[in-house]
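Just so it is clear: chains get the letters A, B, ... in the order the sequence lines come, proteins before strands, and each one is counted from 1.
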Amino acid sequence: MADIDPDTPVYSIGVVKEMTGLTRRQIRYYEEEDLVKPARTDGNQRIYSENDIERLKEIKELLANGLNIAGIQKQLGKVSELEKEKQKKQQKKDIEFADKLSKVSTKKLSSLYPVSNRADLAKLLNEEENGIE
DNA sequence: CTTCTGACA
DNA sequence: TGTCAGGA
């Protein structure tokens, strides 16, 4: 009922150590190699999410299959690169949305403020795209 | 007591 | 990769 989303960081390195079977040294080393990017808390403590746990398990698996760090970076991708791609996609969406918004607002809206409901705006944009007057 | 960073007998 | 130091 109250599942925490897999991106919410909650595990300390001690817990991760138990869950993954890796040593603290390895877990920190993989972070240095840009294979994982745990969040930080209060006193700079690392906190991992379930996604991070899975990520570490994959790394452990690949390592067991004979791959080195460089090989894993190519297989899973460096987290810094994954984040850049994610940011670019989001920026693209933002631009497209802003473009649609500018078009519809000049035609049908005298002001943007009246549209306080996101669902209404989405409907308006959809009608605009389908040529509904 | 646990975790953090830097360093290496 | 393990481990010790010196703090937080």
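- For P9(A) against D7(A), the heavy-atom pair with the smallest separation is CD-O, 3.0 Å.
- Separating the CD1 atom of I27(A) from the P atom of dG2(C) is a distance of 11 Å, rounded to the nearest angstrom.
- Between the CZ atom of R40(A) and the C1' atom of dT2(B) there is a distance of 14 Å, given to the nearest Å.
- Closest approach of M19(A) and K57(A) over heavy atoms only: O-CE, 3.7 Å.
- When the P atom of dT3(B) is taken as reference, atom NZ of K17(A) falls 9 Å away, rounded to whole Å.
- Going from atom CZ of R28(A) over to atom P of dA7(B) covers 15 Å, rounded to whole Å.
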Under 3.5 Å, which N/O atoms of the protein pair with N/O atoms of nucleotides 4-8 of chain C?
none

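- Side-chain contact between Q26(A) and L56(A) is absent, with no heavy atoms from C-beta onward closer than 4.5 Å.
- Residue S12(A) places no side-chain N or O under 4.0 Å from the OP1 or OP2 atom of dT2(B).
- Atom OH in Y11(A) sits about 19 Å away from atom C1' in dT3(B), given to the nearest Å.
- When both pairing distances are held under 3.5 Å, dA5(C) makes a Watson-Crick or G-U pair with dT5(B).
- A continuous path of Ile, Leu, Val, Met, Phe, Trp and Tyr side chains, each step under 4.5 Å between heavy atoms, connects Y29(A) with L63(A), placing both in one hydrophobic cluster.
- Of all heavy-atom pairs spanning G21(A) and K60(A), the tightest one is CA-NZ, 4.1 Å.
- In this structure, Y29(A) atom OH and dG6(B) atom P are separated by 15 Å, rounded to whole Å.
- Rounded to whole angstrom, the span from the CD atom of E18(A) across to the P atom of dT3(B) amounts to 10 Å.
- Among the heavy atoms of the strands lying under 4.0 Å from R24(A) are primed sugar atoms or P, OP1, OP2 only; no base atom is included.
- Checking side-chain atoms of E31(A) against main-chain N and O of P38(A) turns up no donor-acceptor pair under 3.5 Å.
- The minimum heavy-atom distance between I47(A) and D52(A), with the atom names listed, is O-OD2, 4.4 Å.
- Residue I13(A) is the one, among I13(A) and R25(A), whose nearest nucleotide of DNA chain B lies closer to the 5' end (criterion: closest heavy atom).
- Residue R46(A) places at least one side-chain N or O under 4.0 Å from the OP1 or OP2 atom of dC4(B).
- One atom, CD of E33(A), and another, P of dT1(C), lie 11 Å apart when rounded to the nearest Å.
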